[in-house]
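Below is one structure; the comments refer to it alone.
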Amino acid sequence: MDYYPLWNSLRIAGISTLIILIIGVAAANMVTHLPRWVKGIIDCIFTLPLVLPPTVIGYLLLRMLGPKRLIGKAFLSVFGIKLTMNWWSAIFATSVIIFPLMYRTARSAFEAFDKNLDWAGKSLGLSRSYIFFRVKLPCCKQGIIAGCVLSFARALGEYGATSMIAGYIPGRTATISTTVYQLWRTGKDDLVTKWVLINIAISAFVLIAINMFEDRNKRTQYSRA
């Protein structure tokens, strides 16, 4: 049994989660400081990938990154790099798909942040960056960590957009989700069952980790109270 799809899925999900952790937290922090009507518009745009079908997202990415499209053609002619049908092409797809999860959980955490701490820091002459990294992020870390775990789990199981932009090439672009479909399509039910069980085991581990993290946070809050 070739375990490349497992390794490929884990690295794609891990890299995507790391990218979206940075972008999602920055976007969430920015939005919380905007006027209400502007916040509503930007929030709608940032959350759109959550409700769009993954195949639509994959199609839009192909329209931008395909070798005959503006961005894809530029990279191919200047750097000789093809942005589609590589293992890392799936990172584009999974990053777009999981961005709303990270953004919304981080935004909720920031909105629950005690503004008095922010004002107190400013009255002491602390810079915005110092308050953000030394005060705000530590206070909101529970929501951010939860967003990371959910984003990783979603990226691990992504299929629609990934299959369109990275395709299925055994040993090169195959992920767990695309492998399950291809094996089912070719009638290899025994291998399909094994991969399904692996996927279920990973998903269950992620959910158990989330529950354990939430229980620990509740116990910590009760002990402080």
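The figures that follow rest on heavy atoms only: side chains count, while hydrogens, waters and symmetry mates do not.
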What are the two closest heavy atoms between [X] and [Y], and how far apart are they?
{"X": "K136", "Y": "F110", "value": "CE-CD2, 3.7 Å"}
{"X": "T105", "Y": "G147", "value": "OG1-CA, 3.3 Å"}
{"X": "R69", "Y": "L62", "value": "CG-O, 3.4 Å"}
{"X": "T162", "Y": "A90", "value": "CG2-CB, 3.6 Å"}

Please confirm whether the backbone N or O of [Y] pairs with a side-chain atom of [X], one donor and one acceptor, at under 3.5 Å?
{"X": "S16", "Y": "A13", "value": "no"}
{"X": "T47", "Y": "C44", "value": "no"}
{"X": "T84", "Y": "I165", "value": "no"}

Here the salt bridge (Lys or Arg N to Asp or Glu O under 4.0 Å) pairs for residues 184-205, sequence neighbours left out, are none
Here the salt bridge (Lys or Arg N to Asp or Glu O under 4.0 Å) pairs for residues 31-53, sequence neighbours left out, are D43-R104, D43-R107
Exercise for review: Would you check if there is a donor-acceptor pair between the side chains of S177 and T175 at a distance under 3.5 Å?
Suggested key: no
*asked:* Would you say that more than 12 heavy atoms from the other residues, nucleotides or ligands in this model lie under 6.0 Å from the CH2 of W184, or not?
replied: no
Excluding F113, membership of its hydrophobic cluster (Ile, Leu, Val, Met, Phe, Trp, Tyr; side-chain heavy atoms within less than 4.5 Å) reads L117, L124, L126, Y130, I131, V135
Exercise. Please answer: with hydrophobic residues joined when any side-chain heavy atoms are less than 4.5 Å apart, are L18 and W88 in the same cluster?
Key: no
Notebook entry, point to check: Does one hydrophobic cluster hold both F79 and M64, with members joined at side-chain heavy-atom distances below 4.5 Å?
Noted result: yes
>> Is the ring pair Y181/Y159 parallel, tilted or perpendicular, if the boundaries are 30 and 60 degrees?
In response: tilted
Could you tell me whether the side chain of P170 reaches within less than 4.5 Å of the side chain of Y168, counting heavy atoms only? yes
*Does a side-chain heavy-atom distance below 4.5 Å link W37 with I41?*
yes
Test side chain to side chain contact (heavy atoms under 4.5 Å, CB included), reference T193, set L197, V196, L191, output is L197
